[in-house]
Amino acid sequence: MTMLSADFIALEQALGAHNYKPLDVVLARGEGVWVWDVEGRRYLDCLSAYSAVNQGHCHPRILAAMVEQAKKLTLTSRAFRNEQLALFYEEVATLTGSHKVLPMNSGAEAVESAIKAVRKWGYEVKGVPEGQAEVIVCANNFHGRTITIVGFSTDPDARGGFGPFAPGFRVVPFGDAAAFEAAITPNTVGFLVEPIQGEAGVVIPPAGYFKRVRELCTTHNVTLILDEIQTGLGRTGKLLAEEHEGIEADVTLIGKALSGGFYPVSAVLSNSEVLGVLKPGQHGSTFGGNPLACAVARAALKVLTDEGMIENSAVQGAYFQQALAGLRSNIMREVRGRGLMIAVELHPEAGGARRYCEALQARGVLAKDTHGDTIRLAPPLVIGREEIDWAMEQIEPVLTGAV
Ligand SMILES: *Cc1c(COP(=O)(O)O)cnc(C)c1O
């Protein structure tokens, strides 16, 4: 008996924890920018698994690297060395201009690892009194789902009911350098911030914000930790979003597209000083740096650069944003974005973005509403002009009230 979408949805509903409210589309296959549901209907993926499949679904070169490595060696633990890890270090360090690399698995683990490293750096290098280290974060941040991370979230859904939380965090408004400056104390060891707030609805800070933040961090000896887990690896039309700001972070976090969507792989990148504080036994992960992850990540980074995906993100992102901005819609409030990280914000009277995402789904475009009134459009970076034109043919009637 073949199962239909409704059967899978009923099973999920019965047995799964209901911590997501997905669109009711049950996907079975993906290739490039396209995905197919179990009934064989085709959709353009405009979410890219929150930017984890920047390279497109099931990229053949990443797939080949994964299969080849899976046949040879998958996991050694870091108790032994493996032949992929050193090459992964070399390639990621060269590409990003970093001096030290710490491999982890999920994005949240990279964030947690960075917090551990900058706290230790604060005590051992900056001279902060033991137990007093402070990290500054931004309102409306999204850095993951662990207890520490949700403890400094300002989203009541993310943190409500999960306390008590770890101390040592201060929250300041995003995009306000003066507020950041005012929050710095002699015990501040780091500023953890997204270059563009993704989950908050693609919030781009004012011009000059990060230049000023960089100066303040340097002046006050505070590590600037950029969470590029979503903005990094080509999403905004540059390898790292920091390039738009003309600055360099002290610590950079990457994840998501680091594996092209095949496997959870994340990394903390830094100068020698910050990650240099971690000594044997002080941090680790059974799966972090495993040969399968490293082989997959090496291929994922290679195709991103070899196949011109970062430039394509800049070119097609500008084209897509221009097409969206040209729509004559009285429910649209603003189109904003960088590269292929795009948001369409609707007027509150439109009645929420979710219903428009459902209408788009019915026309073969999968997009995700975020924070009520915003539709996020973030297709894989391999998208072409014809596919954007096709997407616009679906988006236009939905946003102009023709359906
Ligand atoms: C997705 C995301 C994370 C968390 O990554 P997980 O792999 O889901 O743990 C952290 N920071 C940002 C900016 C993200 O978008």
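Each ligand, and each atom within it, is numbered from 1 in the order the structure gives.
- The list of side chain to side chain donor-acceptor pair (under 3.5 Å) pairs with a residue in residues 53-65, not counting sequence neighbours, reads D45-H57, N54-R235, H59-E307, R61-D306, R61-E307.
- Under the 4.0 Å criterion applied to side-chain N and carboxylate O atoms, K302 and E91 are not assigned as salt-bridge partners.
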Compile the donor-acceptor pairs under 3.5 Å between side chains in residues 12-27 and protein atoms, sequence neighbours left out, one pair per line.
| from | atom 1 | to | atom 2 | distance (Å) |
| --- | --- | --- | --- | --- |
| H18 | NE2 | Q13 | O | 2.6 |
| H18 | NE2 | G16 | O | 3.4 |

When you check ligand 1 against the protein, what N or O pairs turn up below 3.5 Å? List the atom names and distances, or just say none.
| from | atom 1 | to | atom 2 | distance (Å) |
| --- | --- | --- | --- | --- |
| ligand 1 | 7 (O) | G107 | N | 2.8 |
| ligand 1 | 9 (O) | G107 | N | 3.3 |
| ligand 1 | 9 (O) | A108 | N | 2.8 |
| ligand 1 | 11 (N) | F142 | O | 3.4 |
| ligand 1 | 11 (N) | D227 | OD1 | 3.4 |
| ligand 1 | 11 (N) | D227 | OD2 | 2.6 |
| ligand 1 | 15 (O) | Q230 | NE2 | 2.8 |
| ligand 1 | 15 (O) | K256 | NZ | 2.6 |

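- Listed for the S313 side chain is no donor-acceptor partner under 3.5 Å among the backbone atoms of M309.
- The two residues A110 and V268 come nearest to each other via the heavy atoms O-CG2, 3.4 Å.
- For residues 362-393, the pairs satisfying ring-ring contact (aromatic ring centres under 6.0 Å, His included) are W34-W390, with sequence neighbours left out.
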